[in-house]
Amino acid sequence: MEIAIALLALSLVVFGVFVAVVVRGVRAARRGITRARREVRRTLTDAALTARAAQPGVVGEMARMRRELRSSLDSTRGTLLAGAERDPALREALGLLDQLAEHGERLDGELALLMAAEPDRARVAARLPDLRRRAERIRSSADSLRQAAQDRARHDGTAGLDSLHQQIALESNALRHWSPVTDPPADRAADRAAERAAERAAERKAVEDAD
């Protein structure tokens with residue numbers, strides 16, 4: 001009876017582990033599919049914006065605004081991510097960029113809605129100055145973060161190279177200077193002791209010869 005209960009408990013544990021693994025796999029697959037769909041949708045949208053940005057008029061201008069906004073935010077994110085693992089300051093900057101990106105997404109949504117669902121071009125033209133100012137502020141902030149991160153990386157690289165250069169220069173100077181090889185202290189003491197012994201032996205011999 002006890003064996004049957006143990007086997008039943010073991011079976012339940014194995015089944016629970018199996019279910020957990022399956023659930024995690026399904027969730028991971030769903031996340032992968034969602035991410036892939038988002039990337040495909042983003043690629044199609046970027047291609048459409050590139051085509052419409054070449055058009056004259058308010059629609060072309062809004063398309064250019066959306067494309068430039070996305071490019072600025074994406075470039076800044078890539079720059080920050082490149083050094084965020086080893087630099088806590090860049091990780092903090094990523095948090096600020098996330099907040100900035102939320103404003104960018106809202107503005108992008110407004111622009112997309114106007115492009116797709118607003119037939120009154122005069123109304124669209126009237127809203128353009130405000131939309132343009134918001135886009136410029138977001139781009140300016142994103143560009144500032146990106147350029148600051150680039151300057152930081154350049155400074156760190158230059159400082160590290162300068163320090164290494166100084167260390168190598170000091171070591172090189174040390175390698176070029178050397179002292180003549182001298183006898184160790186122990187050898188010099190032994191030589192002096194031998195000399196004193198020889199002197200005493202010579203003195204004893206002189207005394208014996210005098211006698």
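By convention here, the first residue in the shown sequence is residue 1.
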Closest approach of [X] and [Y], non-hydrogen atoms and distance?
X	Y	value
Leu90	Ala149	CD2-CB, 3.9 Å
Arg86	Arg91	N-NH1, 4.3 Å
Val58	Ala125	CG1-CB, 4.0 Å
Pro129	Ala126	CD-O, 3.4 Å
Ala84	Leu94	CB-CD1, 3.7 Å
Met65	Ala135	CE-CB, 4.0 Å

Assigning hydrophobic clusters by single linkage (Ile, Leu, Val, Met, Phe, Trp, Tyr; side-chain heavy-atom cutoff under 4.5 Å), is Leu96 placed with Leu100?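 No, separate clusters.
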
Mind checking the [atom1]-[atom2] spacing from [X] to [Y]? Nearest 0.5 Å is all I need.
X	Y	atom1	atom2	result
Leu145	Ser75	CG	OG	12.5 Å
Asp130	Arg134	CG	CZ	6.0 Å
Leu97	Glu102	CG	CD	10.5 Å
Leu111	Glu61	CG	CD	10.0 Å
Met115	Asp108	CE	CG	9.5 Å
Leu80	Glu92	CG	CD	12.0 Å

Are Arg152 and His155 linked by a side-chain donor-acceptor pair shorter than 3.5 Å? no

For atom CZ of Arg123, decide whether the heavy atoms of other residues, nucleotides or ligands shown that lie under 6.0 angstrom number more than 12.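 No - once you tally the heavy atoms of other residues, nucleotides and ligands closer than 6.0 Å, there are 12 at most.
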
Is the backbone N or O of Ile168 less than 3.5 Å from a side-chain atom of Ser172, with the two atoms forming a donor-acceptor pair by type? yes

Looking at Ser72, is its backbone amide N or carbonyl O close enough to the side chain of Thr76 to form a donor-acceptor pair, meaning the two atoms are under 3.5 Å apart? yes

Do [X] and [Y] make a side-chain contact, defined as non-hydrogen atoms from C-beta onward lying under 4.5 Å apart?
X	Y	value
Leu131	Leu114	yes
His103	Arg137	no
Leu73	Ile138	yes
Met62	Arg66	no

Side-chain ion pair, Asp151 and Arg154, N-O less than 4.0 Å: yes

I'd like to know if Arg77 pairs up with Asp74 as an ion pair, taking the criterion as any Lys NZ or Arg NE/NH1/NH2 lying under 4.0 Å from an Asp or Glu carboxylate oxygen. no

